[in-house]
Amino acid sequence: MKVLVVGNGGREHAIALKLLQSSQVKQVFCAPGNGGTATLTRCQNLPISVDDFKGIGQFCQDNNIDLVVVGPEIPLAMGITDYLQNLGIKVFGPTRAGAQIEASKAWAKALMAESGIPTAKAAVFTDAAAAKGYVNSGSIPIVIKADGLAAGKGVIVASTVEAAHRAIDSIFEGQFGSAGKFVLVEECLVGQEVSVLALTDGIVIRPLLPAQDHKRIGDGDTGDNTGGMGAYAPAPLVTPELMAKIEVEVLQSAIATLRKRNIDYRGVLYAGLMVSPEGKFKVLEFNCRFGDPETQAILPLLETPLEDLLLACVEKRLGEMPPIAWKSGAACCVVASASGYPGDYRKGEAISGIKSAEGLTNTYVFQAGTKQLNTQIVTDGGRVLGVTGIGENFAQAIARAYAGISGIHFEGMHYRRDIGYRVQK
Ligand code: AMP
Ligand code: GLY
């Protein structure tokens, strides 16, 4: 089997590595990939960007690609799946219509309301005065969101009325481009966030191990929001009873409504949930793709061949698959970022120590913002790489991730020292 993975993050490196661990997978191509996928055996990077649908389609046809796996949300929201499906190519990832569940928060809210999915109370606005009026009549803190895709930056948790007004103005003034045509004003939820990712063929849902990530840049969950500074799985907060409820009340419910709308959703449905101290959950958002860095913690624990699951989704026979098999124990991924991230950061710093970290027991290095320059791996993005440790328990997994990352160096390297603090005991 030949698989093409679209994207260039740590998530895509983890997907490529998992696929290559199977003897059924002869070769993986990454468009465009990163320094990590460039150095994997039987893996080749292609100089094709994620939005070059024509280039990707042509490559697939010329090289008899059996399956395309789309990592990021942007090409999904732009309709890469529709484009490739029209060429007769098998694609894992929802169509443009399905990707709206992530690409428009207002659309997702309407779907949740129609499905009876528990979520934060919210109102949608097309002008600033009305949105501000709503804020004035509500309580603080309050959450202001740009409707569309904003690389995780379009959400402001405002702790004063003035901050909420400023956020509303900046979104309508175009800080997030066309993502800011609508503004959502949403009730602020408290509790712990969890990520429940599920595979689906549009009918059947198969949840993956629940995960938690650490969104803030600094230890103790302080500082700016990021794409994710670390993750672990399986999150003990999601007990089997809670998972069963989430599966029925959130995931199956969403798929049923998507079907009612004639949307044939095949790919990952990812629910970001807030679990209150009393154990009640509400959906914060849906994503239409694998999470990053959750995937780097989840996939190393997967025992069922990944390509079998992904193909079963695409071919609408997920219900025929045996239960997904997992390694026992736990996984933890710690992300290293470039100095300055999530603001401006430098690129091109030489990275050392990757090989020796990869040589440690049950330790994986997933590269993200890196590229290969001659024989040297250099930094090329904000989140540079992640190190995942797996072990019999969280203490061992976390210790392995930190043992791995402490041997890796580049100028300005930053990583949190407290990933997994909630489960360390
Ligand atoms: P979203 O892209 O909607 O998941 O929002 C990004 C982040 O903002 C979430 O992961 C939460 O940390 C935070 N957030 C979003 N909505 C809420 C809410 N209603 N209450 C509290 N925090 C929120
Ligand atoms: N880790 C959060 C996300 O992938 O959206």
Side-chain angles (χ1 to χ4, degrees), residues 7 9-12 14-15 70-74 76-77 99 101-109 112 118-124 135 138-159 164 167 171 176 179 182-197 208 210-217 221-233 235 268-277 280-299 333-335 337 342 366 368 382-383 386 419:
R11 165 183 53 204
E12 287 76 14
I15 291 169
V70 185
E73 63 277 15
I74 288 177
L76 291 167
I101 204 160
E102 173 167 2
S104 167
K105 292 182 194 291
W107 194 89
K109 277 283 173 194
M112 287 190 259
T119 183
K121 214 174 86 193
V124 182
V135 165
S139 57
I140 289 293
I142 197 152
V143 183
I144 311 297
K145 298 184 176 187
D147 177 63
L149 295 179
K153 299 199 178 105
V155 176
I156 299 100
V157 180
S159 45
I171 294 172
F176 305 108
F182 303 105
V183 163
L184 279 79
V185 181
E186 190 169 294
E187 156 199 22
C188 187
L189 301 176
V190 290
Q192 282 194 51
E193 287 183 58
V194 297
S195 305
V196 177
L197 283 67
L208 304 178
Q212 283 189 279
D213 79 353
H214 294 257
K215 294 221 158 93
R216 305 293 199 93
I217 187 76
D221 297 322
T222 54
D224 289 343
N225 254 322
T226 70
M229 295 302 293
Y232 51 92
V268 171
L269 181 61
Y270 160 159
L273 304 134
M274 188 74 91
V275 180
S276 75
K280 296 244 182 326
F281 61 84
K282 286 186 179 172
V283 173
L284 288 173
E285 60 163 351
F286 281 113
N287 292 320
C288 64
R289 51 166 176 86
F290 283 107
D292 188 332
E294 290 94 327
T295 302
Q296 294 91 302
I298 294 170
L299 287 188
C333 175
V334 179
V335 172
S337 59
F366 294 122
R383 287 190 296 166
I419 300 301

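In listed order, ligands and their atoms are each counted from 1.
A heavy-atom distance below 4.5 Å is found between the side chains of Val135 and Ile144.
Not one N or O on the side chain of Glu186 forms a donor-acceptor pair closer than 3.5 Å with the backbone of Val143.
One finds the CD atom of Glu294 at 6.0 Å from the CG atom of Leu197 (value rounded to the nearest 0.5 Å). Remark: Leu149 CG to Cys288 SG distance equals 7.5 Å, nearest 0.5 Å.
Environment of CD1 in Ile74: sparse, with no more than 12 heavy atoms of neighbouring residues, nucleotides or ligands closer than 6.0 Å. In this structure, Phe286 places its CZ atom where more than 12 heavy-atom neighbours from other residues, nucleotides or ligands lie under 6.0 Å away.
The minimum heavy-atom distance linking Ile298 with Ala211 is given by the pair CD1-CB, 4.1 Å.
Residues satisfying the side chain to side chain contact (heavy atoms under 4.5 Å, CB included) test with Asn225, not counting sequence neighbours, are Lys215, Arg216. Scanning for side chain to side chain contact (heavy atoms under 4.5 Å, CB included) contacts around Glu187 gives Ala120, Lys121, Leu189, Lys282, with sequence neighbours left out.
A heavy-atom cutoff of 4.0 Å around ligand 2 is satisfied by the protein residues Asp213, Gly227, Tyr270, Asn287, Arg289, Gly291, Asp292, Pro293, Glu294. Every protein residue with a heavy atom nearer than 4.0 Å to ligand 1 is included here: Lys105, Ala120, Val143, Lys145, Val155, Glu186, Glu187, Cys188, Leu189, Glu193, Lys215, Met274, Leu284, Glu285.
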